[in-house]
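Every value quoted in this text rests on a predicted model; they were computed, and no experiment measured them. Every chain is numbered from 1 and lettered A, B, ... according to where its sequence line falls, protein lines coming before strand lines.
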Number of protein chains: 2
Amino acid sequence: MNVRTLCLGILSFAQMTGYDIRKLAAEGNFSHFCEANYGSIYPALSQLTKDGFVVFTDEALDGKPPRKIYSITEKGHVHLFETLDKQPGPDRFKSEFLFYSLFQDKMQASDFRKLLVRKIAETRDTLESLEKANDCCDHEPSHFALGYGVAMNKAVLDYLKKYLASFDTTQKQVTQNLSDKD
Amino acid sequence: MNVRTLCLGILSFAQMTGYDIRKLAAEGNFSHFCEANYGSIYPALSQLTKDGFVVFTDEALDGKPPRKIYSITEKGHVHLFETLDKQPGPDRFKSEFLFYSLFQDKMQASDFRKLLVRKIAETRDTLESLEKANDCCDHEPSHFALGYGVAMNKAVLDYLKKYLASFDTTQKQVTQNLSDKD
DNA sequence: TACGTCATGTAAGTCGTTACATGATTGG
DNA sequence: CCAATCATGTAACGACTTACATGACGTA
């Protein structure tokens with residue numbers, strides 16, 4: 001789904017600024033299954049405004065810097081649910097880490113180990129933030145989406161930890177064999 | 001990682017045609033963590049050739065249509081491992097399905113159920129093909145990458161199946177409550 | 001004979017990333 | 001006062017997708 005649809009969807013939950021949308025999409029409850037930066041969000045909001053799918057009010061409070069609060073229109077709602085009527089495309093997963101891992105036997109063992117350890121830490125962090133978000137959230141559908149992310153990351157974390165353990169065992173044996181030969 | 005690096009990496013395992021690369025990247029053992037089409041692979045191979053990272057032999061056997069068999073050069077190897085020295089970017093997961101799911105309470109229950117059922121079927125298929133690939137494969141690093149995919153998909157499948165079950169229970173109760181009121 | 005697979009490529013367009021540019025407010 | 005956060009936007013570039021164009025071989 002493109003950034004326009006993402007913005008429209010987010011705005012269907014609450015009115016907010018482009019800045020807020022980016023936060024949700026890049027750091028918040030949506031971030032584990034989509035992404036969007038300012039560079040794509042602001043143009044998307046312009047387009048949505050042109051299309052009449054959203055409107056904004058220019059809020060220029062006292063000393064505060066002006067900000068545009070966007071909200072979805074009836075036309076926007078209709079468009080959103082028309083989009084949602086088509087069946088969703090497949091999930092997409094891209095992992096540079098897995099690509100790298102294909103060459104693990106061609107790197108220094110210690111280098112690959114570092115990759116593993118870092119990946120484990122990252123996954124743990126992601127998992128924790130998803131679980132936290134899930135606890136704070138009382139919107140049932142978001143619960144489902146967050147739970148999906150939790151389940152995925154738990155499985156990955158588990159897999160990586162087991163692999164690290166077996167990796168270390170193997171390395172110990174290699175070291176052992178080397179010293180045996182001495 | 002871009003398509004050029006992907007091609008280079010794949011060619012570091014074996015020489016092959018652009019057609020073969022696409023098969024691996026879009027349907028084969030690499031497909032669960034990357035993607036690439038003809039439209040990006042052929043231009044990437046041209047570029048890699050210009051850069052001297054790969055070379056090809058024009059194979060025009062008897063009646064057969066001509067094909068270009070690409071192989072990685074020493075320079076290409078060096079470049080690949082230089083790339084691999086930088087630390088990998090984060091995994092990226094995008095799910096239109098999860099985006100749709102955020103609106104489950106705004107759709108017909110039966111429509112969302114269909115989405116769920118389809119997703120379960122898709123996940124099961126993915127899982128099976130990964131497991132199959134994993135059984136046939138004796139390259140240890142690929143084993144790791146495939147196992148990662150298996151673990152992820154197993155967790156997702158499990159999650160979805162449980163959710164479907166609870167979804168059906170809830171729906172039955174709703175129906176029950178409705179008929180109670182009659 | 002017709003369909004599926006093998007095989008290569010281009011061109012137009014879409015889409016998004018990165019970096020830049022700017023500036024006010026808030027809190028330590 | 002300094003850093004972080006709030007806030008909006010543009011421009012250049014890079015990257016990939018989709019559709020098109022072509023054709024031979026094998027097999028049912």
Let me have the donor-acceptor pairs involving side chains of residues 99-106 of chain A, under 3.5 Å, with sequence neighbours excluded, atom names and distances please.
unit_1, atom_1, unit_2, atom_2, d
A:Tyr100, OH, B:Thr83, O, 3.1
A:Tyr100, OH, B:Lys86, O, 3.0
A:Ser101, OG, A:Leu98, O, 2.6
A:Gln104, OE1, A:Tyr163, OH, 3.1
A:Gln104, NE2, A:Ser101, O, 3.3

*Residues in side chain to side chain donor-acceptor pair (under 3.5 Å) with A:Ser129, at least two apart?*
none
_Working for side chain to side chain contact (heavy atoms under 4.5 Å, CB included), residues B:Phe97 and A:Asp91_ = CA-CA 7 Å; B:Phe97 167 75; A:Asp91 288 0; 3.9 Å; yes
*Has B:Glu27 got more than 12 heavy atoms of other residues, nucleotides or ligands less than 6.0 Å from its CD?*
yes
*Those residues that, when tested against B:Glu122, pass side chain to side chain donor-acceptor pair (under 3.5 Å) (two or more places apart)*: none
_Test of understanding: with side chain to side chain donor-acceptor pair (under 3.5 Å), list the residues that count as partners of A:Gln47, not counting sequence neighbours._
A:Asp51
*In chain order, what residues pass the side chain to side chain donor-acceptor pair (under 3.5 Å) check against A:Ser142, with sequence neighbours excluded?*
A:His139
_Euclidean distance, atom CG of residue B:Leu45 to atom C1' of D:dA15 [Å, nearest integer]_ = 16 Å
_salt_bridge(A:Glu59, A:Lys68) N-O dist < 4.0 Å_ = no
*Send over the distance from B:Glu59 CD to D:dA24 P, rounded to a whole Å.*
18 Å
*May I have the distance from B:Met16 (atom CE) to C:dC6 (atom P), rounded to whole angstrom?*
14 Å
Mind listing the N/O atom pairs, protein and nucleotides 11-15 of chain C, below 3.5 Å?
none

List the atom pairs, donor and acceptor, that lie under 3.5 Å between side-chain atoms in residues 153-162 of chain A and the rest of the protein, sequence neighbours left out.
unit_1, atom_1, unit_2, atom_2, d
A:Asn153, ND2, A:Gly149, O, 2.9
A:Asp158, OD2, A:Lys162, NZ, 3.3
A:Tyr159, OH, B:Phe144, O, 2.7
A:Tyr159, OH, B:Tyr148, N, 3.4

*A:Leu48 CG to D:dG9 P: how many Å, rounded?*
13 Å
*Roughly how many Å is it from CD1 in B:Ile41 to P in C:dA7, rounded to a whole number?*
14 Å
*Tell me, yes or no, whether the heavy-atom count around B:Asp58 atom CG, taken from other residues, nucleotides or ligands under 6.0 Å, exceeds 12.*
yes
*ring pair (Phe, Tyr, Trp, His ring centres under 6.0 Å) partners of A:His32, counting only residues at least two apart*: none
*Would you kindly give the CG-to-C1' distance between A:Asn37 and D:dG9, to the nearest whole Å?*
14 Å
*How far apart are the closest heavy atoms of B:Leu80 and B:Ile72, and which atoms are they?*
CD2-CD1, 4.5 Å
*asked:* Based on the rotation axes of five pairs at each end, what angle does the helix from C:dT1-D:dA28 to C:dG28-D:dC1 bend through, to 10°?
replied: 40°
_Value in whole Å for how far the P atom of C:dT10 lies from CD of B:Gln47_ = 13 Å
Tabulate protein N/O versus nucleotide N/O from nucleotides 4-7 of chain D, keeping only pairs under 3.5 Å, one per line.
unit_1, atom_1, unit_2, atom_2, d
D:dC6, OP2, A:Tyr19, OH, 2.7
D:dA7, OP1, A:Arg67, NH1, 2.6
D:dA7, OP2, A:Arg67, NH1, 3.3

*For residues 84-94 of chain B, which residues have at least one heavy atom under 4.0 Å from DNA chain C?*
none
Kindly list each side-chain donor-acceptor pair under 3.5 angstrom involving residues 7-19 of chain A, sequence neighbours excluded, with atom names and distances?
unit_1, atom_1, unit_2, atom_2, d
A:Ser12, OG, A:Gly9, O, 2.7
A:Thr17, OG1, A:Tyr19, N, 3.4
A:Thr17, OG1, A:Asp20, N, 3.1
A:Thr17, OG1, A:Asp20, OD2, 3.0

_B:Ser40 side-chain proximity, nearest of D:dT17, C:dT17, D:dT10_ = D:dT17
